[in-house]
K.L.:
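My questions will all concern the structure given below.
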Amino acid sequence: MRLSRYFLPIMRETPKEAEIVSHRLMLRAGMIRQEAAGIYTWLPLGLRVLNKINAIVREEQNRAGAIELLMPVIQSADLWRESGRYEAYGKEMLRIRDRHERDMLFGPTNEEMITGIFRAYVRSYKDLPLNLYHIQWKFRDEVRPRFGVMRSREFLMKDAYSFDIDAAAARHSYNKMFTAYLRTFARLGLKAIPMRADTGPIGGDLSHEFIILASTGESAVFCHRDFTGMAAPDEAIDFDDRAAMRGVFDQWTGLYAATEEMHDKAAFEALPEADRVSARGIEVGHIFNFGTKYSDAMKAVVNGPDGKEVAVQMGSYGIGPTRLAAAIIEAGHDEAGIVWPDSVAPFDAGIANLKAGDKAVDAACEELYTRLGNAGMDVLYDDRDERPGAKFAAMDLIGLPHQIIVGPKGLAGGTVELKNRRTGQRENLTPDAAVNKLTARA
RNA sequence: CGGGGUAUAGCGCAGUCUGGUAGCGCGUCUGCUUUGGGAGCAGAAGGCCGCAGGUUCGAAUCCUGCUACCCCGACCA
């Protein structure tokens with residue numbers, strides 16, 4: 001993409017409403033635009049990041065055996081009356097009425113709808129286990145939306161729903177999602193720590209929140225220091241291996257970790273002082289095993305091997321990609337701007353033409369741009385007629401992980417500069433070497 | 001939902017107390033000079049001063065009502 005033809009409204013000054021760093025940087029980098037309290041447009045640069053996050057979430061859901069579908073944002077109130085949540089959900093649910101005076105709502109979550117889908121088609125235990133998910137907009141009419149897309153009213157959520165014949169099978173489904181989440185967050189460059197959580201209005205008895213540590217986190221969290229050194233399972237792990245899944249779960253839940261609501265002060269203080277981590281955390285995922293709460297209420301039953309009908313065991317599993325975009329920035333930024341992990345960077349690399357209009361520099365940039373593009377890289381080429389300082393600032397602000405800086409001084413000696421945004425390390429290389437080095441990474 | 005605040009050009013702000021028809025910085029446009037960490041000079045465009053009503057010869061400014069947004073707290077993917 002040539003920057004001169006792209007739509008990237010970056011700002012030098014920070015709009016005053018932005019309090020936390022991710023919100024400020026998302027606005028300044030031209031990723032989002034506020035349309036109303038807690039409601040945002042995702043501008044082109046932000047959308048690229050969001051799409052990359054979604055792709056990783058999707059890959060890991062699929063790897064764990066979940067199957068994607070797409071449910072609507074607008075739902076009928078009738079389904080919610082069946083489960084009893086139409087009354088129970090409260091003012092967070094945005095209720096609307098259509099032209100025929102029918103009660104509708106903007107979905108805050110989809111347990112009812114997925115249960116309706118399940119019971120319409122699945123009759124036999126032989127069709128289990130089943131895990132269906134979608135990535136869809138949700139609306140929760142928060143009393144006080146804040147922190148940009150971190151706590152917005154409209155937000156994107158990946159929500160998966162598992163259906164199993166019995167509690168043991170449901171437990172395995174839970175462990176699979178647990179493992180998939182660890183892998184997902186690791187691929188997004190985040191260190192997420194599972195913490196036992198309250199189940200709230202979703203219901204059930206087993207639940208974990210995945211929390212990343214960040215000073216701007218909304219809740220206080222407490223955990224064992226060893227979590228910071230733990231590595232997520234690699235892609236060779238077998239999701240159908242019950243013992244392996246249980247092993248991952250046990251490993252990641254064996255140490256103390258709790259949010260403020262679930263905090264056990266005595267247990268925490270029993271740890272050696274050096275092992276205690278007391279910090280702020282951002283919730284980026286939440287999983288629930290709630291048994292037959294919805295299947296009972298909505299009669300989602302299957303015939304078991306013995307011919308008798310049983311209510312299916314269910315679980316639900318949520319990740320907020322829009323919140324994740326902000327959380328990744330909270331975890332990766334410096335004074336100059338965002339520092340994206342390669343996996344979610346809006347572009348794989350940037351080329352800064354320090355003297356647009358200079359024949360040699362233009363030609364060198366064009367060649368680099370073409371060659372990297374042919375190698376399958378997504379490159380942002382800053383071909384604008386701007387001063388070098390403005391280009392450096394823009395590249396750093398939007399956080400491109402790898403930048404090739406091309407100017408007359410270097411070219412005179414046959415080199416360009418390759419800069420690593422994260423480490424700040426720069427090296428002078430021939431254009432060939434720079435292309436090879438960048439493409440070798442993929 | 002309680003408490004506090006703000007609303008003036010794309011962004012950040014001054015002007016409001018003390019009424020006289022709107023200004024600064026950044027950004028944008030034109031031209032020239034510049035070009036390795038957000039350039040300089042010259043010129044230009046851009047504003048129902050949140051909305052509605054009132055007071056007044058005259059309202060960004062005073063009065064009344066409304067709306068939107070932000071912050072602190074309680075609640076939440």
Side-chain angles (χ1 to χ4, degrees), chain A residues 9-20 23-24 27-28 30 33-39 57 89-93 107-111 135-160 181 197-202 207-211 218-219 259-261 282-288 316-324 326-327 335-337 352-358 361 382 384-397 403-413 415-417 419 424 426 428:
Chain A
I10 59 181
M11 277 185 283
R12 202 163 166 172
E13 283 171 282
T14 308
K16 65 177 170 201
E17 74 267 18
E19 276 291 305
I20 62 170
H23 191 195
R24 285 200 295 267
L27 289 168
R28 285 194 54 214
R33 167 188 159 78
Q34 183 172 343
E35 300 296 350
I39 299 179
V57 168
Y89 214 93
K91 291 185 138 181
E92 265 194 13
M93 184 154 77
T109 179
N110 287 62
E111 278 84 6
I135 298 177
Q136 179 63 289
W137 294 98
K138 302 294 184 292
F139 193 92
R140 294 184 189 174
D141 200 358
E142 297 280 346
V143 194
R144 191 183 160 211
R146 61 187 126 168
F147 304 147
V149 297
M150 190 82 80
R151 173 156 303 287
S152 50
R153 292 193 294 170
E154 185 182 79
F155 60 99
L156 201 56
M157 183 159 88
K158 183 288 298 178
D159 38 328
Y181 275 36
D198 197 14
T199 54
I202 307 276
S207 175
H208 286 85
E209 290 181 3
F210 288 76
I211 305 274
E218 285 192 81
S219 46
T259 58
E260 204 163 17
E261 312 83 77
I282 300 171
E283 181 185 350
V284 289
H286 200 162
I287 61 179
F288 302 87
S316 76
Y317 314 89
I319 287 181
T322 43
R323 171 181 287 185
L324 269 172
E335 320 72 51
N353 180 334
L354 295 194
K355 194 165 185 180
D358 178 289
V361 179
D382 190 347
R384 298 171 304 161
D385 183 19
E386 287 287 343
R387 296 176 64 82
K391 299 196 174 192
F392 294 137
M395 286 274 173
D396 287 349
L397 174 62
Q403 304 169 12
I404 304 182
I405 297 159
V406 185
K409 286 185 187 168
L411 273 189
T415 65
V416 296
E417 187 176 294
K419 174 179 158 186
R426 304 141 178 277
N428 291 308

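Throughout, a chain's letter reflects where its sequence line sits, starting with A, and its residues are numbered from 1.
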K.L.:
Expressed in angstrom and rounded to an integer, what is the separation of A/Glu142 atom CD from B/rC69 atom P?
P.N.:
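A/Glu142 atom CD is separated from B/rC69 atom P by 14 Å.
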K.L.:
Using Watson-Crick or G-U wobble geometry with both distances below 3.5 Å, tell me the partner of B/rA39, or none.
P.N.:
B/rU33
K.L.:
Enter the distance from A/Asn428:CG to A/Thr415:OG1 here, rounded to the nearest 0.5 Å.
P.N.:
4.5 Å
K.L.:
Watson-Crick or G-U wobble partner for B/rC49, using a 3.5 Å limit on both distances?
P.N.:
none
K.L.:
If each of A/Lys91 and A/Glu209 is mapped to the nucleotide of RNA chain B with the nearest heavy atom, which maps nearer the 5' terminus, i.e. the 5' end?
P.N.:
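Taking each residue's closest nucleotide, the earlier one in sequence belongs to A/Lys91.
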K.L.:
Which nucleotide, if any, forms a Watson-Crick or G-U wobble pair with B/rG12, using both distances under 3.5 Å?
P.N.:
B/rC24
K.L.:
Report which part of the nucleic acid A/Thr322 touches: base, sugar-phosphate, or nothing (heavy-atom distance under 4.0 Å, all strands).
P.N.:
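The answer is nothing, as A/Thr322 stays clear of every strand by at least 4.0 Å.
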K.L.:
Students often get this wrong, so: under 4.0 angstrom with heavy atoms, is A/Gly410 touching a base, only sugar-phosphate, or nothing?
P.N.:
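Result for A/Gly410 = base.
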K.L.:
Across the strands shown, which category fits A/Gly318 at heavy-atom distances under 4.0 angstrom: base, sugar-phosphate, nothing?
P.N.:
nothing
K.L.:
Using a 4.0 Å heavy-atom cut-off across all strands, classify A/Asp396 as base, sugar-phosphate, or nothing.
P.N.:
base
K.L.:
Counting the atoms with a prime plus P, OP1 and OP2 as sugar-phosphate, which does A/Lys419 contact under 4.0 Å by heavy atoms, base, sugar-phosphate, or nothing?
P.N.:
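If one applies the 4.0 Å heavy-atom cut-off, A/Lys419 turns out to touch a base.
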K.L.:
Write down the distance between CG (A/Asp141) and C1' (B/rC1), rounded to a whole number of angstrom.
P.N.:
13 Å
K.L.:
My understanding is that a pair needs two contacts under 3.5 Å, Watson-Crick or G-U wobble. By that rule, which nucleotide pairs with B/rG2?
P.N.:
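B/rG2 is paired with B/rC72.
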K.L.:
What's A/Arg153 touching, base or sugar-phosphate or nothing? Going by heavy atoms closer than 4.0 Å.
P.N.:
nothing
K.L.:
Rounding to a whole Å, what distance do you find between A/Lys355:NZ and B/rA39:P?
P.N.:
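A/Lys355 atom NZ is separated from B/rA39 atom P by 16 Å.
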K.L.:
Atom CG of A/Asp385 and atom C1' of B/rU34: how far apart are they, to the nearest Å?
P.N.:
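Interatomic distance, CG of A/Asp385 to C1' of B/rU34: 10 Å.
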K.L.:
Between A/Arg384 and A/Leu156, which has a closest nucleotide on RNA chain B that is more 5'?
P.N.:
A/Arg384
K.L.:
How far does the P atom of B/rG23 sit from the matching atom of B/rA45, given to the nearest Å?
P.N.:
12 Å
K.L.:
Might you point out which heavy atoms bring A/Arg384 and A/Ala394 nearest each other, and give the distance in Å?
P.N.:
NH2-CB, 4.0 Å
K.L.:
Tell me which nucleotide among B/rG38, B/rC26, B/rG36 gets nearest to the side chain of A/Pro388.
P.N.:
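For A/Pro388, the side-chain atoms sit closest to B/rG36.
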K.L.:
Take atom C1' in B/rA59 and the same atom in B/rC51, then report the distance between them in whole Å.
P.N.:
15 Å
K.L.:
So how far is it from A/Phe155 CZ to A/Thr322 OG1, rounded to the nearest 0.5 Å?
P.N.:
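Taking CZ in A/Phe155 and OG1 in A/Thr322, the distance rounds to 7.0 Å.
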K.L.:
Paired with B/rA59 by Watson-Crick or G-U wobble geometry, both distances under 3.5 Å: which nucleotide is it?
P.N.:
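Base partner found: none.
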K.L.:
Please tell me whether A/Gln136 and A/Asn110 have a donor and an acceptor in their side chains that are separated by less than 3.5 angstrom.
P.N.:
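Not at all, the side chains of A/Gln136 and A/Asn110 share no donor-acceptor pair under 3.5 Å.
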K.L.:
Under 4.0 Å, counting only non-hydrogen atoms across every strand here, what does A/Met150 touch: a base, just sugar-phosphate, or nothing?
P.N.:
base
K.L.:
Mind calculating the distance between CG (A/Leu354) and P (B/rG37) to the nearest angstrom?
P.N.:
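Checked: the CG to P distance equals 9 Å.
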K.L.:
If you only use heavy atoms from C-beta on, which nucleotide in B/rG38, B/rU34, B/rG12 is closest to the side chain of A/Arg387?
P.N.:
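Selected nucleotide (nearest to the side chain): B/rU34.
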K.L.:
Answer with yes or no whether the side chains of A/Glu154 and A/Ser152 bring together a donor and an acceptor at under 3.5 Å.
P.N.:
no
K.L.:
Check the side chains of A/Glu260 and A/Ser219 for a donor-acceptor pair under 3.5 angstrom, ignoring hydrogens and angles.
P.N.:
no
K.L.:
For the atom pair CG (A/Asp159) and NE2 (A/His286), what is the distance rounded to the nearest 0.5 Å?
P.N.:
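If I round to the nearest 0.5 Å, the distance is 13.5 Å.
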K.L.:
Rounded to the nearest 0.5 Å, what separation is found between the CE atom of A/Met395 and the CD1 atom of A/Ile404?
P.N.:
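A/Met395 atom CE to A/Ile404 atom CD1 measures 9.5 Å (nearest 0.5 Å).
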K.L.:
Check the distance between B/rG36's P and A/Phe392's CZ and give it to me in whole angstrom.
P.N.:
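It is 8 Å, rounded to the nearest whole Å.
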K.L.:
Counting only Watson-Crick pairs (N1-N3 plus N6-O4 or O6-N4) and G-U wobbles (N1-O2, O6-N3), all under 3.5 Å, who is the partner of B/rA7?
P.N.:
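The answer is B/rU67, by the H-bond criterion.
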K.L.:
Is the distance from the ring center of A/His208 to that of A/Phe210 below 6.0 Å?
P.N.:
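So the answer is no for these two rings.
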K.L.:
Can you check the A/Ile10 CD1 to B/rG38 C1' distance for me, whole Å?
P.N.:
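It is 9 Å, rounded to the nearest whole Å.
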K.L.:
Which part of the nucleic acid, if any, lies within reach of A/Ser152 when heavy atoms closer than 4.0 Å are counted: base, sugar-phosphate only, or nothing?
P.N.:
base
K.L.:
Which nucleotide in the set B/rU28, B/rG12, B/rG37 lies at the smallest distance from any side-chain heavy atom of A/Glu386?
P.N.:
B/rU28
K.L.:
Strictly under 3.5 Å: I want the nitrogen or oxygen pairs between protein and nucleotides 70-73 of chain B, one per line.
P.N.:
unit_1: B/rC70; atom_1: OP1; unit_2: A/Gln34; atom_2: NE2; d: 3.0
unit_1: B/rC72; atom_1: OP2; unit_2: A/Arg144; atom_2: NH1; d: 3.4
unit_1: B/rC72; atom_1: OP2; unit_2: A/Arg144; atom_2: NH2; d: 2.1
unit_1: B/rG73; atom_1: N7; unit_2: A/Arg144; atom_2: NH1; d: 3.4

